[in-house]
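Values reported hereafter were calculated over all heavy atoms of this structure, with side chains retained and with hydrogens, waters and symmetry mates removed.
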2 protein chains.
Amino acid sequence: MDDLDERALRRLSDDGQRLTEGRRRVLQALVDAGAPVTIPDILGLQPGLAQSSVYRNLAVLERAGLVSRIAMGDDHAHYELAEDITDHHHHHLVCEACGKVSDVTLPDSTERALDRALDEAASVEGFALSRHRLDLIGRCRDCVSV
Amino acid sequence: MDDLDERALRRLSDDGQRLTEGRRRVLQALVDAGAPVTIPDILGLQPGLAQSSVYRNLAVLERAGLVSRIAMGDDHAHYELAEDITDHHHHHLVCEACGKVSDVTLPDSTERALDRALDEAASVEGFALSRHRLDLIGRCRDCVSV
DNA sequence: ATTTATGCAAATCGTTTGCAAACCT
DNA sequence: AGGTTTGCAAACGATTTGCATAAAT
């Protein structure tokens, strides 16, 4: 986590931003959660933070490339540490019953084949591909039985 | 489009719902658009519709399996005819500059390989997969040059 | 006749913002 | 001191909802 602090500091100062206590605590909440979480989750994990500051700091952290925002349909957005920081490319399992989001990894061979296909499809459309998002939607282990 | 009307009617009545003028016009807007559109787009394509009725009717049409809602991050959600109706499995190109969303198809072989990999990954996690969502994010043809 | 859909305006709720006080360097 | 961040409360905006009227069966 000191490693993360160091990287966070560098990323933020590259972006002309400071690593404040509030920002450190937001990052810590994301580390502790170990999965994409909502703002209420973050406030629960690090009590005492002001909601508006968490929103503002997540925006700062996202601009600095430290955090990714995952837009789910209706309710709260989810946030997690950016892949850039975790060095862990992954996709998301989204439970349509309880709304929980968790990470999932695909075999490297699948990722490579997928990347190739996406590059090809994008170039045919004259589209400059910068990233992709793959969500698996269904029922999580806790909700299948219900 | 009469074909669509017929299918819409069946789907809706299976769901205990009527095919009203307002619902027909929402569907027509989606047909005319030919790409995922927002509520303001729909109101522009079919002037005179009441915004709240469009919201309500899209919800009804979605429950009946005729329409898919695509949740983008911040602004308006996008809506399109359901794959079930169009028989056209596809993914989305999302322009991060202008917000436009359009459809894109991948080779069958890629889709099959992807499906297999997703089924496997989901089952490892005890996750009951019902569908997936794949978005290609970048800059559309009109925005690459800008 | 009875149920369902519509349109308007008001309410909801996640998120953003204005502003004064606290903080950092 | 000079600029930034914070916390509170108010504002915003997409979507939802209450209610009286119109439409459909």
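Remark: A/Gln51, A/Ser52, A/Tyr55, A/Arg56 in residues 47-59 of chain A come within less than 4.0 Å of DNA chain C through at least one heavy atom. Listed in residue order, the members of residues 94-103 of chain B having a heavy atom less than 4.0 Å from DNA chain C come to none.
Both A/Phe127 and B/Leu106 are assigned to one and the same hydrophobic cluster, defined by single-linkage of ILVMFWY side chains at heavy-atom distances under 4.5 Å. No single ILVMFWY cluster, assembled from side-chain heavy atoms under 4.5 Å apart, contains both B/Val94 and B/Leu136.
In this structure, the side chains of A/Ile42 and A/Leu30 come closer than 4.5 Å at one or more pairs of heavy atoms.
If you take CD of B/Gln17 and C1' of D/dT25, they are 14 Å apart, rounded to a whole angstrom. At whole-Å resolution of the value, CD in B/Glu21 and P in D/dA22 are 18 Å apart. Remark: C1' of C/dT4 and CZ of B/Arg18 are 4 Å apart, rounded to the nearest angstrom. Spacing between atom CG of A/Asp75 and atom C1' of D/dT16 amounts to 15 Å, rounded to whole angstrom units. Note: CZ (B/Arg25) to C1' (C/dG7) measures 13 Å, nearest angstrom. Look at CG on A/Leu61: it is 11 Å from P on D/dT5, rounded to the nearest Å. Here D/dC8 presents its P atom at 12 Å from CG of A/Leu43, a figure rounded to the nearest Å. Rounded to an integer number of Å, the gap from B/Arg24 CZ to C/dT6 P is 12 Å.
Each of B/Leu19 and A/Thr20 lies near DNA chain D, and the nucleotide nearest A/Thr20 is the one positioned closer to the 5' end.
Taking the six-membered ring for Trp and the full ring otherwise, B/His90 and B/His92 have centroids separated by under 6.0 Å.
Using cut-offs of 30° and 60° on the angle between ring planes, the pair B/His89 and B/His91 is perpendicular.
Salt-bridge annotation for A/Glu96 and B/Arg131: present, with a side-chain N of the basic residue lying under 4.0 Å from a carboxylate O of the acidic one.
At least one donor-acceptor pair closer than 3.5 Å links the side chain of B/Ser130 to the backbone N or O of A/Ile137. No donor-acceptor pair under 3.5 Å is formed between the side chain of A/Arg18 and the backbone N or O of A/Ser13. Looking at B/Arg25, its side chain does come within 3.5 Å of a backbone N or O of B/Pro47 through a donor-acceptor pair.
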